[in-house]
Amino acid sequence: MTRDTQFPCDPAGVCMRCKSTPPPEESLTCGTCVTPWHVSCLSSPPKTLESTLQWLCPDCSGETDALPVSGVAAGYGSVGSDLVVAIHEIEADDSLSAEEKAKKRQQLLSGKAVVHEDDEEEKKRKSKGKKTVDEDVLSHFHCSFCMQLLQKPVSTPCGHNACLKCFLKWMGQGNRSCGTCRSVVPESMISNPHINLSIVSAIRLARLSKRVDASTSKVVHVISNEDRPDKAFRTDRAKKLGNANASSGKIFVTIPRDHFGPITAEYDPVRNQGVLVGESWKGRLTARQWGVHFPLVSGIAGQTSYGAQSVVLAGGYEDDEDHGEWFLYTGSGGRDLSTRNLRTNVQGFDQVFLKFNAALRLSCQLGYPVRVVRSSKDIHSAYAPEGELLRYDGVYRIEKCWIKVGVQGSYKVCRFLFIRCDNEPAPWTSDEHGDRPRPLPNVPELNMATNLFERKESPSWDFDEGEGRWRWMKPPPASRKAVNNVKDPEERKFLRKAMTSARSNTMRARLLKEFKCQICQQVMTNPVTTPCAHNFCKACLVSKFAGKTLMRERSRGGRTLRAQKNVMKCPCCPTDIAEFIQNPQVNREVAEVIEKLKKQEEEDNAEPVDEGECSGTSHEEETLPVSGDAEQPKKRIKLDIDAAVSATVVESDMK
DNA sequence: GCGAGCGTTAGT
DNA sequence: ACTAACGCTCGC
């Protein structure tokens with residue numbers, strides 16, 4: 001999920017979005033708040049000279065009020081976002097007045113009308129009297145006039161903050177002093193007030209964090225994911241013991257576990273391309289990391305009353321019959337697991353349409369696309385990948401399912417007829433295009449089948465003749481997977497604590513960075529804001545001009561001339577701040593926020609994390625793989641003549 | 001190469 | 001809480 005957040009340039013002229021310093025020709029100053037912005041980082045930069053001259057920044061034009069809509073479901077046109085659906089629902093509700101609708105819309109967009117769980121969390125937090133970092137920041141930055149959260153904040157030399165509008169209004173009434181303390185405000189600030197960008201950034205960051213909290217806290221596995229290493233790993237101790245799966249790694253895609261259909265680019269923040277047909281992975285752990293098939297052992301991913309999302313063909317069941325574009329799959333269960341060794345196990349009893357088998361049957365009934373992964377372990381299949389790999393082969397639909405007696409003789413197995421229905425060609429073909437609807441194959445064993453089930457309703461995923469591609473003809477099922485997948489309550493508690501702590505730590509660090517003194521580059525102590533809206537430690541600024549007096553005595557040839565004013569340039573810009581230097585006042589609101597953030601940091605650092613609580617997870621391994629070392633899937637390279645010539649880099653699975 | 005012996009995850 | 005699940009590694 002991407003969030004289109006726009007940021008202006010900071011007081012040093014560095015774009016807060018791309019962190020570069022734009023040259024003057026790429027910098028645009030807002031006509032209203034005189035804030036500089038980096039043109040190439042604007043989502044909708046002005047197109048004509050005229051509009052450039054009258055340009056209003058996203059803050060002043062209200063552009064940022066609109067939350068970007070994301071998370072459009074795969075293949076289902078432009079509809080499908082929960083947010084869009086919710087807004088449509090509000091609009092369609094005749095029982096609401098226009099005003100009520102507007103209010104509901106606003107609540108929705110500001111994240112207030114989100115999940116009940118979060119409300120409960122919120123209540124708990126409030127009852128405990130604990131505020132989050134962002135709440136704390138927001139609560140500090142009130143305008144001294146309107147008492148609302150600062151909008152385009154300006155800071156007076158006496159250290160008080162106000163909205164630009166309120167400030168201008170006050171001055172427009174003929175006042176020449178601070179609305180809070182009645183100190184005189186210099187004429188230069190009245191005629192040319194500057195926005196205090198440090199405060200702007202702090203408020204933006206705090207707001208952003210609130211939004212992120214509200215929108216992601218429901219999908220906990222994505223958050224807890226961040227504590228995981230990029231690679232799945234095993235500890236040395238675990239290896240010695242033969243403990244295969246000490247920990248699975250981070251999930252790189254943003255789909256929930258119960259996501260149906262292809263994994264498209266919008267779910268792939270890492271590469272922004274989605275999972276392509278033909279991509280392969282070393283093992284189940286890495287295949288899981290790219291979201292193609294979540295279970296580590298089970299061949300079927302699914303839920304009884306919801307449907308099955310994916311299957312693996314690994315040759316574990318002798319009855320499987322693979323014809324590439326279609327195959328016969330055997331259900332799960334019915335095995336004698338007494339020795340707990342799955343691969344050597346034999347059928348011990350009949351399979352029934354329960355659990356995963358029921359999930360597959362439901363996907364058959366509703367015509368859902370089921371992701372198919374082939375494993376090189378399937379030595380009987382001509383279509384299995386070579387090398388020790390798992391390969392994503394695209395989506396298939398289950399057309400029929402039934403029960404037959406398995407090849408092992410005395411026990412019944414569930415059978416599923418899978419037919420390919422993907423928009424990308426299968427890895428074993430040289431076709432340019434994906435599948436076209438194909439007739440049902442002849443399946444002799446159907447003559448012996450019992451409990452035959454066929455789809456009667458129209459399939460959810462079907463071929464659109466007009467568009468010439470497969471797509472969701474009915475909306476894909478909304479994800480039901482919301483809550484933490486960590487079941488152990490202790491582990492859950494620990495993760496939750498670690499998560500919130502980590503998140504607020506980052507937020508705190510980022511906020512503190514926004515309050516850096518432009519002279520010592522440290523977080524400011526006794527912050528002062530110049531009339532040109534640059535922030536420094538009081539001590540840094542004063543010492544910078546130590547020894548310099550406001551007036552300069554001049555003498556020539558023994559004669560004393562009229563004293564001349566000393567020019568003292570702001571360390572960040574050419575503004576003369578000599579007057580301000582005479583009596584710089586600490587911006588108390590900024591100071592308080594900094595102090596609180598620092599205090600929280602100290603408290604957190606003093607509180608040791610009990611590692612014992614999370615034994616067996618990431619802390620055992622000494623040599624944890626680091627970020628950037630993420631194992632990316634291999635894309636199978638299609639061999640054409642040109643490629644073959646330069647194919648010294650052909651992937652290992654092509655030998 | 002086989003299989004013991006373990007591991008994690010998630011459905012129910 | 002229980003347990004099934006087309007896995008994984010190491011030692012024999």
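First the proteins, then the strands, lettered A, B, ... as listed; each starts at 1.
- In this entry the distance linking CZ of A:R335 with P of C:dA5 reads 8 Å, nearest Å.
- Straight-line distance from the NE2 atom of A:H380 to the P atom of C:dC6: 16 Å, rounded to whole Å.
- Taking the six-membered ring wherever Trp is involved, the centroid distance between the rings of A:Y368 and A:Y306 does not fall below 6.0 Å.
- In this structure, A:R374 does not reach the C:dC6 phosphate: none of its side-chain N or O atoms is under 4.0 Å from OP1 or OP2.
- Inspection of the A:D319 and A:T330 side chains reveals no N or O donor paired with an N or O acceptor under 3.5 Å.
- Closest to the side chain of A:F294, out of B:dA10, C:dA5, C:dG7, is B:dA10.
- Aromatic ring pairs are classed by plane angle as parallel below 30°, tilted from 30° to 60° and perpendicular above 60°; the pair A:H323 and A:W326 is parallel.
- Between A:K355 and A:S375, the residue anchored nearer the 5' end of DNA chain C, judged by the nucleotide with its closest heavy atom, is A:K355.
- As rounded to whole Å, 12 Å separates atom P of C:dC6 from atom CZ of A:F416.
- For the pair A:Q351/A:F356, no side-chain contact is recorded, criterion being any heavy-atom separation below 4.5 Å from C-beta on.
- Rounded to an integer number of Å, the gap from A:I251 CD1 to B:dT8 C1' is 12 Å.
- One cannot find a donor-acceptor pair under 3.5 Å joining the base of C:dC6 and the side-chain atoms of A:D378.
- Between A:N357 atom CG and C:dA4 atom P there is a gap of 14 Å when expressed in whole angstrom units.
- For the pair A:F356 CZ and B:dA10 P, the interatomic distance rounds to 10 Å; values are reported in whole Å.
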(message) Using ring pair (Phe, Tyr, Trp, His ring centres under 6.0 Å), reason through A:Y383 and A:F327 one step at a time and then give a plain yes or no.
(response) CA-CA 10 Å; A:Y383 301 89; A:F327 60 87; 9.8 Å; no

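- Which of B:dG11, C:dC8, C:dA5 sits closest to the side chain of A:V297 comes down to C:dA5.
- For B:dA10, one of the phosphate oxygens OP1 or OP2 lies less than 4.0 angstrom from a side-chain nitrogen or oxygen of A:R257.
- Note on A:Y306: nothing from the nucleic acid sits closer than 4.0 angstrom, heavy atoms only.
- A cation-pi contact, defined as under 6.0 Å to the ring centre and within 45° of the axis, is absent between A:R257 and A:F294.
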Dot-bracket for DNA chain B, 5' to 3', Watson-Crick and G-U pairs with both distances under 3.5 Å, [ ] for crossing pairs, | for partner on another strand, reads ||||||.|||||

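- In this entry the distance linking CD of A:Q303 with P of C:dA5 reads 15 Å, nearest Å.
- Looking at A:Q347 and A:Y317, their side chains come closer than 4.5 Å, going by heavy atoms from C-beta outward.
- A straight line from CG of A:L296 to C1' of B:dT9 spans 6 Å, rounded to a whole angstrom.
- Residue A:R288 places its side chain closer to B:dT9 than to any other of C:dC6, C:dC8, B:dT9.
- Between B:dG11, C:dC8, B:dT9, one nucleotide has an atom nearer to the side chain of A:K377 than all others, and that is C:dC8.
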